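Have a look at the structure below, then the notes.
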2 protein chains.
Amino acid sequence: MNSIDFNTLLNFFKVLANESRLKLLGILSQQEYSVEELAAQLQLKEPTVSHHLNKLKELELVSMRRQGNTHFYSLNSETLTQLNKSIFTREQMASWTKDISAEAWEEKVLKNYLDGNRLTTIPASRKKRLVVLEWLVSKFEPEVTYTESQVNEIISCHHSDYATLRRELISYQFMERENGLYRRLPASLWKTETEIMKQKKF
Amino acid sequence: MNSIDFNTLLNFFKVLANESRLKLLGILSQQEYSVEELAAQLQLKEPTVSHHLNKLKELELVSMRRQGNTHFYSLNSETLTQLNKSIFTREQMASWTKDISAEAWEEKVLKNYLDGNRLTTIPASRKKRLVVLEWLVSKFEPEVTYTESQVNEIISCHHSDYATLRRELISYQFMERENGLYRRLPASLWKTETEIMKQKKF
DNA sequence: ATTCTAATTAGATATTTTTCTAATTAGAAC
DNA sequence: GTTCTAATTAGAAAAATATCTAATTAGAAT
């Protein structure tokens, strides 16, 4: 994780910006504990602690070891030291603003081409088409496989020319097709406009 | 700010854990801007931006320069680099847990000596008295000067022996007296129990 | 002095987040 | 298999936070 993007960082802060969770990290920095023990120390109910631990786990700040049906949690100090390094360099922060203006622009494009839930026309410009496709792929669940007719059906909710859009989703690598089954690719693999534009000929 | 305590750090995270404020830092990392300009960039109303800037200013993450009645805000990059250094060392985190157990103990003491809003007895032990005094000083506004009779009146709400308590607030340096006027000292100057205990004779 | 401008403060509303109870799951012990 | 235990998930209530409009302040320009 060399360059950490705006939303990831924001997420980190959101997770750390909570009394209970920060205390959990402090407690776990000493040794591992079970959920029950942690709940006692923090004077919270177990579901609450479980919920907090889950958020910490999502960011790999803690890890879990099960023994019987007791779950022992411990600190993942590597993630913290990683995080500690060079978050607030000028470069990093400048890169956030790129995200920001980019985001604003994308919203403007969407507003232009959408009428509520429906795509009025498919943008001619590659750059704008990309924005629309990114919006379209969000209508599919991640980690789910769809048949071609299911894909067509979903796209039809938003535009009549489902064939073109389906093909574009694949060629811009928002989705993949394997044995006639379609699946949304994880957002981390989506190409950004700039990456696509760099490839000149597509 | 060598050793940063639990609540200070928590506060930092709370301030940074907000989309608008993090964006503000990003934008300001490039150059200074007026409130109006910032509001336009973030698509928020000016009062909202003003509110966020205020939070950032409290932590000295940004500073302000006025020109006419335009306020220009800029990033205080020093604070960030400071903050960036060694937050998540084992030692740091271990010290939080001390804070945590200390806090828990203080709450127990208070619960023991308070009956709702009223102090049942003044604790004999210096350590516990300190806890009670810290609670008592929180009944005074920061940055406000009080006459002696105002001080007496406020203390009387919580215990009949206002004279002793008033004297103790001064001698433990929770408040200062100047020309017969009283003023609460900033929390950052309050002595912790351990500091007081180190002084042996008081 | 009056008016105008940019910012802030106050207070209301809307949204998000935390925490809880109740229900469910997964494994262990009987 | 049934029962018990520890944890998680679901869903509701409570608390904290963000955002807005309206009112106020402070300085500049007329």
Side-chain angles (χ1 to χ4, degrees), chain A residues 6-7 10-28 32-59 61-74 100 103-104 107 143, chain B residues 6-7 9-28 32-59 61-74 100 103-104 107 141-144:
Chain A
F6 181 82
N7 284 312
L10 177 58
N11 221 267
F12 259 100
F13 285 132
K14 286 201 171 178
V15 169
L16 294 173
N18 172 276
E19 185 171 346
S20 305
R21 285 192 292 268
L22 204 53
K23 281 183 181 173
L24 277 172
L25 289 182
I27 294 172
L28 293 174
E32 62 172 18
Y33 286 103
S34 69
V35 177
E36 198 178 19
E37 293 170 316
L38 292 169
Q41 291 198 55
L42 293 180
Q43 317 211 64
L44 291 172
K45 299 297 174 183
E46 282 163 47
T48 307
V49 172
S50 200
H51 165 250
H52 288 314
L53 286 169
N54 194 40
K55 292 202 161 184
L56 293 171
K57 201 169 54 176
E58 274 171 18
L59 295 183
L61 288 166
V62 301
S63 36
M64 197 201 73
R65 171 179 85 78
R66 53 202 322 158
Q67 180 179 298
N69 42 20
T70 303
H71 297 185
F72 286 101
Y73 283 84
S74 60
I100 295 166
E103 252 176 52
E107 266 170 42
E143 322 262 341
Chain B
F6 183 82
N7 284 312
L9 187 61
L10 177 58
N11 221 265
F12 259 101
F13 285 131
K14 286 202 172 177
V15 169
L16 295 172
N18 173 274
E19 186 171 346
S20 305
R21 284 191 295 265
L22 204 53
K23 280 182 180 172
L24 278 172
L25 290 182
I27 294 171
L28 293 175
E32 64 172 17
Y33 286 103
S34 69
V35 177
E36 197 176 21
E37 292 170 316
L38 292 170
Q41 290 198 54
L42 293 180
Q43 318 210 63
L44 291 172
K45 299 296 175 185
E46 281 162 47
T48 307
V49 172
S50 198
H51 166 248
H52 288 314
L53 287 169
N54 194 40
K55 291 201 162 188
L56 292 171
K57 202 168 53 175
E58 275 173 16
L59 295 184
L61 287 166
V62 301
S63 36
M64 196 199 76
R65 171 177 85 79
R66 52 199 326 156
Q67 180 179 299
N69 43 20
T70 303
H71 297 186
F72 287 101
Y73 283 85
S74 61
I100 296 165
E103 249 178 53
E107 266 171 41
E141 296 294 326
E143 321 261 342
V144 173

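Remember, it's a predicted structure, so these values are computed and weren't measured experimentally. Protein chains get the first letters and strands the later ones, always in sequence-line order, with residue 1 at the start of each.
We find the CG-CZ distance between A/L22 and B/F6 to be 4.0 Å, quoted to the nearest 0.5 Å. Here CG of A/L28 is found 13.5 Å from CZ of A/R21. Values are rounded to the nearest 0.5 Å.
A/E58 places its CD atom 13 Å from the P atom of D/dT8, with the value rounded to the nearest Å. Per the geometry, NE2 belonging to B/H51 stands 15 Å off C1' belonging to C/dT13, to the nearest Å. Between the CG atom of A/L53 and the P atom of D/dT9 there is a distance of 12 Å, given to the nearest Å. For the pair A/F13 CZ and C/dT17 P, the interatomic distance rounds to 16 Å; values are reported in whole Å. Between B/K14 atom NZ and D/dT17 atom C1' the separation is 10 Å, expressed in whole Å. Regarding B/N69, its CG atom lies at a distance of 17 Å from the P atom of C/dT3, rounded to whole Å. When the P atom of D/dT17 is taken as reference, atom CD of B/E19 falls 17 Å away, rounded to whole Å. Atom-to-atom, NZ of B/K57 to P of C/dA7 comes out at 12 Å; the value is rounded to the nearest Å.
At a threshold of 4.0 angstrom between heavy atoms, the contacts of A/N54 with the nucleic acid are absent. Among the protein residues, A/F72 comes within range of no part of the nucleic acid, since none of its heavy atoms lies under 4.0 Å from any strand. In this structure, B/T48 reaches the bases: a heavy-atom distance under 4.0 Å links it to at least one base atom across the strands shown.
A close approach under 4.0 Å does occur between a side-chain nitrogen or oxygen of A/Y73 and OP1 or OP2 of D/dT8. Side-chain nitrogen and oxygen atoms of A/S20 include none within less than 4.0 Å of the OP1 or OP2 phosphate oxygen of C/dT18. In this model, the phosphate group of D/dA18 is approached by a side-chain N or O of B/R21 to a distance below 4.0 Å at OP1 or OP2.
Checking D/dA18, C/dT8, D/dA6 against the side-chain heavy atoms of B/H52 singles out D/dA18 as nearest. Residue B/P47 has its side chain nearest to D/dA22 when only D/dT9, D/dA7, D/dA22 are considered. Considering only side-chain atoms of B/N18, the nucleotide from C/dC20, D/dA18, C/dA6 that sits closest is D/dA18. Of the candidate nucleotides C/dT8, C/dT18, C/dA6, C/dT18 has the atom lying nearest to any side-chain atom of A/K55.
A residue-by-residue look at B/E36 and A/K45 shows that B/E36 has its nearest nucleotide of DNA chain C further toward the 5' end. Summary of the strand contacts: A/Q67 and B/V49 both lie near DNA chain C, and taking for each the nucleotide with the nearest heavy atom, the more 5' one is attributed to B/V49.
Between A/L16 and B/L10, the shortest heavy-atom contact is O-CD1, 4.1 Å.
A/Q67 and A/T70 share no donor-acceptor pair across their side chains, judged by distance under 3.5 Å alone.
Applying side chain to side chain contact (heavy atoms under 4.5 Å, CB included) to B/F72 and the options B/M64, B/R66, B/R65 leaves one that passes, B/R65.
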